[in-house]
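Quick notes on the structure that follows.
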Amino acid sequence: MFKKILFFGKKNDINSKKILSLIKRKSKIVKVIWSTNPEDKLKLKNLLKHNYEYIFCFRSFIILRKSLIKKAKYAAINFHPGPPEFRGIGCLNFAIFENAKFYGVTAHVLDTKIDYGKIINVKRFEILKKDNVDSLLDKTHKKLLSQARKIIDLLSKNPYNLNKLIYKSKNEKWSK
């Protein structure tokens with residue numbers, strides 16, 4: 001069980017709420033920050049007063065600064081709605097534009113550079129000919145939810161499991 005978690009999620013997103021519910025069952029204290037759009041700014045003052053075991057970002061638009069990332073005892077983890085080949089925001093559109101055969105989701109340790117930190121886990125799935133933006137988003141969000149649940153559950157049992165997960169994904173690399 002976690003002692004203290006900082007969670008960043010997307011406001012009014014059902015899957016962010018599901019992950020938050022899981023975290024609340026697995027942690028004594030949870031601080032929550034919701035984001036609504038890419039222009040959201042974070043007020044760090046109160047957050048920097050505390051330390052956390054983990055910081056989890058799930059579909060949040062907020063970019064975390066190094067000073068906040070350092071407040072996580074074990075790691076700050078982002079659940080990215082794209083595979084390492086497609087970094088940044090709007091990556092699903094690039095996959096469709098490039099006629100990619102596969103897409104996926106990536107859990108990674110946050111770094112000061114966007115979508116750059118050590119990769120924890122990647123889950124890929126096939127893009128079907130019938131897929132469009134909506135169907136691919138739906139698949140992506142379901143896979144991201146499943147991935148986050150498994151990782152958070154594993155880490156809540158033993159926070160040191162993170163190093164094993166990173167080691168298993170050592171062959172995965174972010175694209176340039």
Side-chain angles (χ1 to χ4, degrees), residues 5-10 13-20 22-23 26 33 35 37-38 40 52-66 68-70 72 74-128 131 133-156 158-176:
I5 297 294
L6 177 57
F7 174 74
F8 290 85
K10 184 176 179 182
D13 173 60
I14 188 70
N15 291 330
S16 290
K17 290 176 183 176
K18 288 178 181 179
I19 291 300
L20 176 59
L22 171 69
I23 292 170
K26 306 236 176 233
I33 308 292
S35 69
N37 63 64
D40 285 346
Y52 311 91
E53 284 180 288
Y54 278 98
I55 298 172
F56 294 116
C57 297
F58 186 88
R59 300 206 56 222
S60 175
F61 292 111
I62 297 171
I63 307 294
L64 304 190
R65 293 187 192 142
K66 185 177 182 178
L68 183 56
I69 293 170
K70 286 180 152 188
Y74 299 109
I77 297 174
N78 183 42
F79 295 97
H80 174 67
E85 304 82 66
F86 296 99
R87 297 168 56 185
I89 195 165
C91 47
L92 181 133
N93 296 302
F94 291 108
I96 292 171
F97 180 75
E98 294 176 10
N99 293 312
K101 302 291 181 212
F102 292 91
Y103 197 66
V105 297
T106 306
H108 68 93
V109 175
L110 281 169
D111 189 279
T112 53
K113 296 180 186 176
I114 296 173
D115 296 337
Y116 189 80
K118 290 180 182 177
I119 294 174
I120 298 166
N121 178 275
V122 178
K123 295 292 180 188
R124 288 184 177 79
F125 53 87
E126 188 175 4
I127 299 175
L128 305 175
D131 278 326
V133 171
D134 291 333
S135 66
L136 201 51
L137 271 174
D138 186 54
K139 284 184 192 181
T140 301
H141 293 161
K142 286 177 181 173
K143 190 64 83 171
L144 195 66
L145 177 64
S146 171
Q147 179 190 52
R149 281 180 167 156
K150 287 177 184 171
I151 290 171
I152 291 167
D153 186 56
L154 182 68
L155 294 176
S156 73
N158 181 354
Y160 297 104
N161 280 331
L162 180 64
N163 291 329
K164 291 178 190 173
L165 292 171
I166 290 171
Y167 179 77
K168 286 181 181 179
S169 69
K170 67 181 180 180
N171 293 327
E172 294 283 1
K173 304 288 183 220
W174 289 106
S175 67
K176 298 185 183 200

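None of the values given here were measured: they were computed from a predicted structure.
- Under a 3.5 Å cut-off, the side chain of Ser16 and the backbone N or O of Lys10 do form a donor-acceptor pair.
- In this structure, Pro83 and Tyr103 approach most closely via the heavy-atom pair CD-CE1, 3.5 Å.
- Close placement of the Tyr74 and Tyr160 rings is indicated, their centers lying within 6.0 Å of each other.
- Closest of all the heavy-atom pairs between Lys123 and Asn121 is CG-OD1, 3.4 Å.
- Within the 3.5 Å criterion, the main-chain N or O of Leu136 finds a donor-acceptor partner in the side chain of Thr140.
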| request: Report the C-alpha separation of Val105 and Phe79 in whole Å, then their side-chain angles, then the decisive distance to 0.1 Å, and conclude whether the side-chain contact (heavy atoms from CB on, under 4.5 Å) test is met. | output: CA-CA 7 Å; Val105 297; Phe79 295 97; over 6 Å; no
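- Judged purely by atom type and a 3.5 angstrom limit, Thr106 uses its side chain to pair as donor or acceptor with the backbone of Gly82.
- Between the side chain of Asp153 and the backbone N or O of Lys150, no donor-acceptor pair lies under 3.5 Å.
- Within a 6.0 Å sphere centred on NZ of Lys26, heavy atoms belonging to other residues, nucleotides or ligands number more than 12.
- In this structure, the side chain of Tyr54 does not engage the main chain of Ile77 through any donor-acceptor pair within 3.5 Å.
- Side-chain contact between Phe86 and Leu92 is absent, with no heavy-atom pair separated by less than 4.5 Å.
- For the salt bridge (charged side-chain N to carboxylate O under 4.0 Å, His left out) test, no residue two or more places apart in sequence or in another chain qualifies with Lys70.
- Between Ile14 and Lys18, some side-chain heavy-atom pair lies under the 4.5 Å cut-off.
- Screening residues 80-98 for side chain to side chain donor-acceptor pair (under 3.5 Å) gives His80-Asp115, Glu85-Arg124 as the qualifying pairs, with residues at least two apart or on separate chains.
- Two residues are said to be in side-chain contact when any heavy atoms from C-beta on lie closer than 4.5 Å; Ile151 and Ile120 meet this criterion.
- Proximity of Ile23 to Phe56: side-chain heavy atoms (C-beta onward) are separated by under 4.5 Å at one or more points.
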